[in-house]
Number of protein chains: 2
Amino acid sequence: MVTINDVARRAGVSVSTVSYTLSGKRTISASTRARVEKAIAELGYHPHAGARALASARTNILALMAPLRPDVDVSVIMQFVTGVVTRARTADYDVLLLTQDEDNGVGRVGSGSLVDALILMDVESDDPRIPQVAALRQPTVLIGLPEDARGVSCVDFDFEAAARLSLRHLTRLGHRDVALIGPPPAVIARHTSYADRLLRGYRAQATHDGVACVIEPTGTSRAEAIAALDAVLDQVPGLTGLVVHNEAALPVILGGLRRRGLKVPEDVSVVALAPADVADAQPVPITAMDIPALNIGQVAVDMVLARLAGSDTVETRLIAPTLHERASTAPPR
Amino acid sequence: MVTINDVARRAGVSVSTVSYTLSGKRTISASTRARVEKAIAELGYHPHAGARALASARTNILALMAPLRPDVDVSVIMQFVTGVVTRARTADYDVLLLTQDEDNGVGRVGSGSLVDALILMDVESDDPRIPQVAALRQPTVLIGLPEDARGVSCVDFDFEAAARLSLRHLTRLGHRDVALIGPPPAVIARHTSYADRLLRGYRAQATHDGVACVIEPTGTSRAEAIAALDAVLDQVPGLTGLVVHNEAALPVILGGLRRRGLKVPEDVSVVALAPADVADAQPVPITAMDIPALNIGQVAVDMVLARLAGSDTVETRLIAPTLHERASTAPPR
DNA sequence: CCGGATTGTCGAAGCGGTTCAACACCCTAG
DNA sequence: CTAGGGTGTTGAACCGCTTCGACAATCCGG
């Protein structure tokens, strides 16, 4: 293993000079810097991450706790993770990937000084992890808006507004017989923050627009999606408008509508809450509130890095939704 | 920060005793162990990861380099990542998530002693990362079979056999006018290992079964998928059988077939290479070679952990495919 | 031409663990 | 009763890096 000592010897300077050359925390003459850099290149020196972490109390690692379970929209997760990892790298940070279902992952990586900061996805309205991160000395960003954030920063897509705008798009087109096919029952039961806000927004808009508020959750499996569609058609016999927030169920629902002889958008208009590429990659391109998952991931990293850089402003950011019209919505005939 | 010193003082023993209690590398009397564990619990002690890494030359972190780009099948990636992370945690390892497109990520985390081992996804036939990992002291497992693995272990789904069996399934049903809609052109151009093997298998089986070998790559966007379907129908006018290996294109292709008045499976039989849940979540449940991505991830971790535990057997493992019949295949009429 | 800044470099003290060699103690066999 | 062999515990060296205080050399204005 080549250490900072080897570099120092080769460059004919002291270890501290090498360290300062690397960190730039003291001025180094151009000639010395050149000699050190040459030695580093020749030896292929990479500082030992553990030693650095020990001495500097910084690991340059971010923890990202993601819901690696099947009942979430994989595309959204993936894009979010991608946003986090790529942005983190631009600031010379690495990302440690954790699952939710570990007992006390937060405490382990936090108290163990394994990471400098945390990003928690899939936050619930009353998430048990919030007191855990609040007790940590590392800053944290939550994806989602818990009831009580306890001074922890939050960021998320504005699902409430997205639900409202989705329904409004349908009612403005003239649809009165509408329904929402939503996230899995388990997600709702957990009071996952985004699901709570989604339902709240949908309900508010339904009341506002004077249409019946029919909400049917559904899982990711084909059978569940079909059942949800059945239930919805049962409750709203002359259904002409559908809002769907369930990436996995989307194709099945479209197939189900077709099998009943219902054409999209001629007979039924469909609005989805999904990333743009998912909406576009359906049998019929779907009008959707595009979820900018990549962007949210980047913002989360920016927020957490700002805290690491010394800022102590705790903020909550909501990313405004935009409707993207594709081929799945039309006025009722 | 509570350190091992605090624990030692509180338990009335030396630091080395605490350390040995934690690691179990020396015998400790039951009473001492109890006192130490009590102190640890009371203080909420978590060993400092950096200090531990420095002293023991072990970080208990695995690097996972995943293709976080849009032209890959997100479900497969997600499931694989999930398999890796969950299995790693059972062995008290954490996972550092890296992207391919970083310049020298392998060298950075390897030489920098950030990780104990690496897992590389999306390996190309002549992957530039292979010499890099071969130069590292950390063991590595490749997902995919490069031409020259240079003594690095490999594991993957047997895409060659999967392609053969997919086509064979169609020809056995009596289909003669068949085609393959494959991975994105860029993936093929890169000579991604799985794409190479997929095409090889398909070609071999086409020759063996005496059918024309029509292969059309396609990207993940709707336009590309439609174009690919057009091209295929152009080349094979009386098409009755289709093999698809492109998760994102699948729904679009099904939509395109329908728009042309072609029913699945009455007019066209479709076999996919995809994870079971993806195949099931289509408008029509698709007969598929189920890609056991979760399992492959677990196996990759097992292999790398075996190397860390001292085994020096370099092996290549291929996971055999199994066909799962759903509702998308039937004899031609 | 001198005193005080400024600039560039260095030595050494940690950071918080692991692990080795040493040692005290107790048990048992001869 | 003693030699010999565990068993349980300890002190101290060490892992590779960062950073503080010290210091020599150079520069500048008065």
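Just the heavy atoms: all of them, side chains too, but no hydrogens, waters or symmetry mates, feed the values below.
Side-chain atoms of A:Ser16 come within donor-acceptor range of the base of C:dG11, with a qualifying N/O pair under 3.5 Å. One cannot find a donor-acceptor pair under 3.5 Å joining the base of D:dC17 and the side-chain atoms of A:Tyr45. You won't find any donor-acceptor pair under 3.5 Å spanning the side chain of A:Tyr20 and the base of D:dC17, going by distance alone.
Comparing D:dG16, D:dG8, C:dG17 by their nearest atom to the side chain of B:Ser29 picks out D:dG8. The side chain of B:Ala55 lies closest to D:dC15 when the candidates are C:dG8, D:dC15, D:dT10.
An OP1 or OP2 oxygen of C:dT18 is reached within less than 4.0 angstrom by a side-chain nitrogen or oxygen of B:Ser19. Contact annotation: A:Arg26 does not reach the phosphate of D:dT19 (side-chain N/O to OP1 or OP2, under 4.0 Å). Contact annotation: B:Thr3 side-chain N/O to C:dG16 OP1/OP2 distance is not under 4.0 Å. Listed pair B:Thr17 / D:dG8 fails the phosphate criterion, with no side-chain N or O lying under 4.0 Å from OP1 or OP2. A sub-4.0 Å separation between OP1 or OP2 of D:dT18 and a side-chain N or O of A:Ser56 is absent. For D:dT7, the OP1/OP2 oxygens have no side-chain nitrogen or oxygen of B:Thr27 closer than 4.0 Å. One finds a side-chain N or O of B:Lys25 lying less than 4.0 angstrom from the OP1 or OP2 phosphate oxygen of C:dT19.
A straight line from CG of A:Leu22 to P of D:dG16 spans 16 Å, rounded to a whole angstrom. Straight-line distance from the CZ atom of A:Arg52 to the P atom of D:dG16: 15 Å, rounded to whole Å. To the nearest angstrom, P of C:dG17 lies 15 Å from CG of B:Asn60. Note: CE (A:Met1) to P (D:dG16) measures 6 Å, nearest angstrom. Nucleotide D:dC17 holds its P atom 15 Å from the NE2 atom of B:His48, rounded to whole Å. Whole-Å rounding puts the A:Ile4 CD1 to D:dC15 C1' distance at 14 Å. We find that CZ of B:Arg58 is positioned 13 Å from P of C:dT18, with the value rounded to whole Å. One atom, CG of B:Asn5, and another, P of D:dT10, lie 13 Å apart when rounded to the nearest Å.
Checked by atom type, the side-chain pair A:Thr99/A:Asp101 shows a donor-acceptor distance below 3.5 Å. Donor-acceptor pairing under 3.5 Å is recorded for the side chains of B:Ser113 and B:Arg137. For the residue pair A:Ser16 / A:Ser19, no side-chain donor-acceptor distance below 3.5 Å is found, with atom types taken as modelled.
Here B:Asp94 pairs with B:Arg89 in a salt bridge; the nearest charged N to carboxylate O distance falls below 4.0 Å.
Residue A:Ile28 is the one, among A:Val15 and A:Ile28, whose nearest nucleotide of DNA chain C lies closer to the 5' end (criterion: closest heavy atom). Nucleotides of DNA chain D nearest to B:Leu54 and B:Ala30 differ in position, and the one nearer the 5' end is that of B:Ala30.
With a 6.0 Å radius and a threshold of 12 heavy atoms from other residues, nucleotides or ligands, B:Asn5 has its CG atom above the threshold.
Among the heavy atoms of the strands lying under 4.0 Å from B:Val13 are primed sugar atoms or P, OP1, OP2 only; no base atom is included.
Contact of the A:Thr59 side chain with the A:Leu114 side chain is not registered, since no non-hydrogen atoms from C-beta on lie closer than 4.5 Å.
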